[in-house]
Amino acid sequence: MADAITSRETDYSQWYQDVIRHAKLAEHSPVRGCMIIRPNGYAIWENMQAALDKMFKDTGHQNAYFPIFIPQSFLAREAAHVDGFAKECAVVTHSRLIVDDEKGLIVDPDSRLEENLIVRPTSETIVWDTYSRWIQSWRDLPILINSWNNVVRWEMRTRLFLRTMEFLWQEGHTAHATREEAMEETLQMLDIYATFAEEFMAVPVIKGVKTASERFAGAVETYCIEAMMQDGKSLQAGTSHFLGQNFAKAFNCQFQNKNNEQEYVWATSWGVSTRLIGALIMVHSDDQGLVLPPRLAPTQVVLVPIYRNDEDRDRVLTEARQIVGDLLEAGIRAHLDAREAYRPGWKFNEYEVQGVPIRLALGPRDLKNGTIELARRDTREKEGVPRDGLTKRIESVLFDIQQSLFEKACAFRDSKTTSVDSYDDFKTVLEENGGFVLAHWDGTEETEAQIKKETKATIRCIPLDPIDADDSGVDIISGAPSAGRVYFARSY
RNA sequence: CGGGGUGUAGCGCAGCCCGGUUAGCGCAUCUGCUUUGGGAGCAGAGGGUCGCAGGUUCGAAUCCUGCCACCCCGACCA
């Protein structure tokens with residue numbers, strides 16, 4: 001490779017972009033802030049979708065599709081929602097172009113729409129307009145719907161996968177008869193996200209609730225999972241919102257309960273996006289390129305054949321096809337790279353950069369010895385293993401890689417988590433180690449804002465799981481009583 | 001949107017300050033031969049609106065003006 005991957009130490013941000021480019025995950029589009037997701041990147045997304053979709057279905061959700069265009073008037077219905085999204089909406093005002101003799105192709109002034117259309121930044125408004133027509137009785141509830149789609153938020157500053165103007169995601173929208181049931185749903189989906197992050201992505205996450213200032217526009221409570229990146233910054237990896245009756249009221253969505261009374265419907269919404277791919281990259285990858293956890297890797301095992309002459313070639317390829325066939329049979333995503341145009345060494349590097357968990361190399365020497373070379377991407381170790389029982393061995397190594405990536409990420413996260421009891425320590429830790437800083441907070445927006453202004457760290461969440469046996473303490477700034485420590489961090 | 005940086009072949013860059021023939025280099029690409037257990041060697045070949053638009057000049061990649069894009073740092077966010 002002419003251009004190497006910048007090391008994480010040299011320039012983390014550049015490293016991130018280099019990994020994406022070298023692994024052929026995505027590239028910038030001609031339109032600022034948008035992204036072309038290449039096959040390697042999209043395949044990861046498809047694996048994420050498959051796993052999540054199954055989890056959604058297993059908990060009774062169905063997929064549906066709502067349109068990309070939302071009448072401008074809809075957005076205005078819920079006050080907090082407008083505040084949150086108004087300043088980042090793409091607005092469609094005209095419906096056609098015409099060729100002008102002087103100016104060329106121009107917007108046809110005669111095609112002005114009667115009402116502007118908003119390209120959805122999220123679908124709450126169109127969904128709740130719809131639900132208001134679907135729901136009359138308690139018998140119509142709950143409604144448990146998820147939607148896989150794309151949304152647009154006109155961002156000032158973008159980064160591939162982490163923040164783009166258009167992104168792919170899923171948004172769940174549920175309607176319930178009671179507050180309790182909606183809250184239960186909110187937390188259930190948060191758990192699903194946490195499970196997905198830890199078991200599929202091998203990314204440990206903190207489950208928590210957002211403070212008012214970080215809350216979703218229109219939510220009563222926003223729950224989140226937060227993950228620690230290798231540069232010590234936190235990333236919000238998923239959110240689940242308890243919307244209360246805010247949208248039901250805005251869209252007049254009521255149902256008749258068992259007592260023959262009209263009542264507003266209780267709501268939730270929850271989502272994860274292609275941002276997860278950014279998290280995946282930033283948690284596991286190294287200076288050699290992408291590192292993928294086996295459960296999400298589009299290719300789990302690649303076999304590179306090695307030979308000198310036609311005779312060796314035939315023998316090696318015959319054996320290689322047998323091996324890959326066995327692996328596929330066992331449900332392992334295996335690939336035989338028999339391309340003649342590239343040499344083995346070149347392929348080794350290619351798959352390393354692309355993060356394939358296991359690479360096998362098979363040559364004449366192995367045929368003679370009944371062995372095969374197995375190299376694992378995460379540790380970059382390679383060893384000769386017996387041909388006999390290879391499939392079982394690979395299953396076990398894949399399992400081990402998945403496990404070991406998670407443990408490594410946990411250990412890193414722990415090394416980047418520090419409890420402090422004074423503002424001085426807070427600032428020192430943030431500067432010297434970064435990561436999560438656990439500190440007592442008095443629950444006021446004033447101290448939160450002051451810390452953000454002075455240190456750029458925000459409250460990532462108030463953890464759901466208790467941190468200390470003894471939760472009492474005092475705010476590091478005001479000295480006022482605190483109910484427990486919260487997670488502070490600089491974040492993406 | 002403010003501050004800083006960059007834009008020259010697919011990628012990475014030199015040339016620009018100090019204007020002057022056919023705009024170079026590495027990698028990649030194509031052809032041929034030899035090769036193949038960690039990014040092969042040799043020989044030959046192709047590929048350029050020098051980000052865009054104006055201007056200055058006999059002459060602009062180079063100087064001037066405006067614009068655009070990307071990256072980094074801030075303000076806003078999944």
Side-chain angles (χ1 to χ4, degrees), chain A residues 1-6 11-14 16-18 21-22 24 27-35 83-89 121-122 150-171 193 210 213-217 222 224-227 234-241 269-279 288-289 304-310 312-313 316 338-353 359-369 371-373 375 380 382 384 452-453 456 458 490-492:
Chain A
M1 261 317 159
D3 53 329
I5 294 174
T6 306
D11 184 343
Y12 190 82
S13 187
Q14 189 60 50
Y16 176 73
Q17 294 180 78
D18 286 353
R21 185 160 45 84
H22 280 84
K24 299 187 168 72
E27 58 190 44
H28 291 283
S29 87
V31 175
R32 183 188 72 85
C34 292
M35 157 174 81
D83 282 349
F85 287 107
K87 51 191 175 302
E88 51 183 32
C89 286
T122 179
N150 58 337
V151 289
V152 169
R153 297 180 186 176
W154 213 263
E155 300 287 350
M156 294 171 179
R157 199 178 146 194
T158 59
R159 293 161 72 88
L160 290 174
F161 291 116
L162 297 176
R163 173 162 298 105
T164 45
M165 294 216 307
E166 179 195 16
F167 57 90
L168 306 184
W169 75 342
Q170 55 71 215
E171 44 177 326
Y193 288 156
K210 287 290 188 189
S213 68
E214 300 273 329
R215 198 177 284 152
F216 173 75
T222 287
C224 63
I225 51 172
E226 292 283 328
S234 176
L235 181 79
Q236 178 175 305
T239 50
S240 185
H241 313 292
S269 68
W270 26 274
V272 294
S273 71
T274 36
R275 168 179 257 201
L276 290 178
I277 297 173
Q288 274 65 241
V304 177
I306 295 158
Y307 44 80
R308 278 200 170 74
N309 50 48
D310 284 352
D312 283 349
R313 177 176 171 278
V316 166
R339 288 178 297 175
E340 306 264 355
Y342 298 91
R343 304 171 78 248
W346 191 92
K347 292 177 184 176
F348 291 175
N349 284 282
E350 180 79 348
Y351 291 112
E352 196 159 287
V353 162
R359 184 194 71 235
L360 299 172
L362 183 75
R365 204 158 66 211
D366 294 301
L367 291 187
K368 200 174 79 188
N369 300 335
T371 57
I372 189 164
E373 185 187 85
R380 305 188 72 218
K382 52 183 184 183
K452 180 175 181 181
K453 186 154 180 270
K456 291 166 206 158
T458 51
R490 289 180 181 146
S491 71
Y492 280 98

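Computed from heavy atoms alone, side chains included, the values below leave out hydrogens, waters and symmetry copies. So that the names make sense, note that chain A is the first sequence line, chain B the second, and so on, each numbered from 1.
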Please classify the nucleic acid contact of [X] as base, sugar-phosphate, or nothing, using heavy-atom distances under 4.0 Å.
| X | answer |
| --- | --- |
| A/Leu162 | base |
| A/Thr164 | base |
| A/Arg359 | base |
| A/Phe216 | nothing |
| A/Gly33 | sugar-phosphate |

Quiz item: Does A/Glu350 come within less than 4.0 Å of A/Lys24, counting only side-chain N to carboxylate O?
Solution: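 Looking at A/Glu350 and A/Lys24, the cut-off is met.
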
Would you tell me if any nitrogen or oxygen in the side chain of [X] comes within less than 4.0 Å of OP1 or OP2 on [N]?
| X | N | answer |
| --- | --- | --- |
| A/Arg380 | B/G38 | no |
| A/Lys347 | B/G38 | no |
| A/Gln17 | B/C70 | no |

Quiz item: What is the ring orientation for A/Phe216 with A/His241, classed by angle as parallel under 30°, tilted 30 to 60°, or perpendicular over 60°?
Solution: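 Parallel.
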
Quiz item: Does A/Lys382 get its side chain close enough to the base of B/G37, under 3.5 Å, for a donor-acceptor pair?
Solution: no

Quiz item: Ignoring hydrogens and angles, are the base of B/G12 and the side chain of A/Arg21 linked by a donor-acceptor pair under 3.5 Å?
Solution: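 Looking at the base of B/G12, it does not pair with any donor or acceptor on the side chain of A/Arg21 (distance under 3.5 Å).
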
Send over the distance from [X] [atom1] to [N] [atom2], rounded to a whole Å.
| X | N | atom1 | atom2 | result |
| --- | --- | --- | --- | --- |
| A/Gln14 | B/G5 | CD | C1' | 12 Å |
| A/Glu352 | B/G37 | CD | C1' | 15 Å |
| A/Asp18 | B/C11 | CG | C1' | 11 Å |
| A/Tyr342 | B/G38 | OH | C1' | 17 Å |

Practice problem: Look only at the side chain of A/Tyr307 and the backbone of A/Leu362, and say whether a donor-acceptor pair between them is shorter than 3.5 Å. | Solution: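 No, A/Tyr307 side chain to A/Leu362 backbone: no donor-acceptor pair under 3.5 Å.
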
